[in-house]
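Report on one structure; see the data block that follows.
Residue numbers begin at 1 in each chain, while the letters A, B, ... track the order of the sequences.
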Amino acid sequence: MATMRGSLRQRLVGLASVRAVSTSSVSTFPKRVKIVEVGPRDGLQNEKNIVPTPVKIRMIDMLSEAGLPVIEATSFVSPKWVPQMADHIEVLKGIQKFPGINYPVLTPNFKGYQAAVAAGAKEVSIFGAASELFTRKNINCSIDESLQRFDQVLKAAQAAGIPVRGYVSCVLGCPYEGKISPAKVAEVSKKMYSMGCYEISLGDTIGVGTPGIMKDMLSAVMHEVPVSALAVHCHDTYGQALANTLMALQMGVSVVDSSVAGLGGCPYAQGASGNLATEDLVYMLEGLGIHTGSVRVSKKLLEAGAFICQALNRKTSSKVAQATCKL
Amino acid sequence: MGNVPSAVKHCLSYQQLLREHLWIADSVPGALDPAQEASPLSGLPEYVKIVEVGPRDGLQNEKVIVPTDIKIEFINQLSQTGLSVIEVTSFVSSKWVPQVAAGATEISVFGAASESFSKKNINCSIEESMEKFEEVVKSARHLNIPARGYVSCALGCPYEGSITPQKVTEVSKRLYGMGCYEISLGDTIGVGTPGSMRRMLESVIKEIPPTALAVHCHDTYGQALANILTALQMGINVVDSAVSGLGGCPYAKGASGNVATEDLIYMLNGLGLNTDVNLHKVMEAGDFICKAVNKTTNSKVAQASYNA
């Protein structure tokens, strides 16, 4: 049975790669795109000012009201490492769980996973990196060792029927190694997918990527993982995020991570900007006629961004939010 | 991305990253180690001409009084970057003769794809403006002075809303027909997205060769680079931009304006396209003008580099 499933998956992967080669037309886009809102986690964890728990909860509730289908709520990481996420239990327990909306949480290890499930998590995320040096500097082990550590999480999650999303960092460049080979990204993605992650989010962690590099990386990954299981997570450090995301859409990717107000700086470039702004992404998708579920560039979405920026005492990084022109 | 503790101190410094990594390297053929050179994304033009509009479009829309010596120094610095076209001309009306007498080597005429915009901006209909431009362009050509045509509101109008590709084509064709060597299609209020860019260009390219077209994208809604990428994919190889992304939007208070030249070059370099422009020098010019007019840069590349 396992062999049959494996060969079926291989056939699907083969089909996916053929589609990748022929989907190079300017005008071919997925009909629907799922937006994964990472502001409350990736966004906030890279913001210097600590946000009080009730503010985080309100932010997430406002994002739910704005219709975002997936909102990454928090990270079950030790407060020693990420003080911003110290209130993870209170946040997950305190937010309103809207029907039809998923609230995954990051779990850096098995202990975090257990705590997350105890606090009511129905979906978790784990992370790897396409760079050995980045992994070594970050969590003091090799890529393979880091994935082995997650094996326990994946087995437990599978037994409990909890979906696991995998993140791969540094897919378009690394602050330590510089250039990253697409083959390495494909290798790590394949491993995480075969370990049981239902979706692999490919992260341009330091925002150095440009559309050609995005295309090369995705071409390699799509030989190993079906495009329907891929997401892109672009940082806007060099202003390339939306163009890179556009390229990914042209390649058939239909899941995009973003953060309301483009929150999150870059720990590797003081003063640089962070995540792709959800408002700007939705603006583009709406303009392309791509279905995004209930999300629109709506008053509610803009209010959620304004709310958290006020709480953080910072200006929004979303251009759409900055423009007051009513068109 | 995962949790990042204090290891950041040991990473490559940003200056090092800028110098050593191919996606930010100078766009000079042969300057890079061939093994590292990015192979151009297939289907894109090999060379892209950047038309720098900072000294004109940028500074005018910043509504700051720039002392002449600062402006001259800014333009001088830009002249050292490899940029082949730096727009310093201001709006040309029928009183273009003084500009020519002052040594202008090229003139620009500004049409619009929207009647309302044309009336509000230059107080005449599109047809009337075309008649005026016809005279100007004819006389300029007589003196061997090339004329560039601009079409505003190519992807949307602050008064009329959406603009049909057919109207843009009609106006562009008129300007091209009267002798403009290049037509710059402007998303004046930055409302365009890759879909509307594609539809507009598909229509215009039926009448005008892509080699005679340029795109002039405003970044009001953060769509500029995505729109430019679409234009490149359709064979356009002339792009207008402004150093530091200067120039707000007169129709959207607080909004951003032109796409930043630095961010554009970053993308073109990464795509392996040749521009002959030195990104570092452009960044220096951007830093200079921002300090001089006391403005924060709108370039993400500059923000990431100068604060490191």
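Looking only at heavy-atom pairs under 4.5 Å with chain B, the residue among A/Met284, A/Glu286, A/Glu279 that has the most is A/Met284. Ranked by heavy-atom pairs under 4.5 Å with chain A, the list B/Gly195, B/Pro194, B/Ala260 is led by B/Pro194.
Residues meeting the ring pair (Phe, Tyr, Trp, His ring centres under 6.0 Å) test with B/Phe117, sequence neighbours left out: B/Tyr251. Partners of B/Glu284 under the salt bridge (Lys or Arg N to Asp or Glu O under 4.0 Å) rule, at least two apart in sequence or in another chain, do not exist in this structure.
Taking every heavy atom of both residues into account, B/Met267 and A/Pro211 meet most closely at CG-CD, 3.9 Å. Taking each heavy atom of A/Leu242 and B/Gly222 in turn, the nearest pair found is CD2-O, 3.3 Å. Of all non-hydrogen atoms in A/Leu246 and B/Thr230, the two that sit nearest each other are CD2-OG1, 3.6 Å. Across A/Gln240 and B/Leu225, no two heavy atoms sit closer than the pair NE2-CD1, 3.6 Å.
Between A/Thr210 and B/Tyr266, the closest side-chain pair of non-hydrogen atoms falls below 4.5 Å. Two residues are said to be in side-chain contact when any heavy atoms from C-beta on lie closer than 4.5 Å; A/Val297 and B/Tyr221 fail this criterion.
Between atom NZ of residue A/Lys319 and atom NE2 of residue B/His218 there is a gap of 11.5 Å, rounded to the nearest 0.5 Å. Going from atom NZ of A/Lys215 over to atom CG of B/Leu271 covers 10.5 Å, rounded to the nearest 0.5 Å.
For B/Asp219, the parts lying near chain A are the backbone and the side chain together; criterion is any non-hydrogen pair under 4.5 Å.
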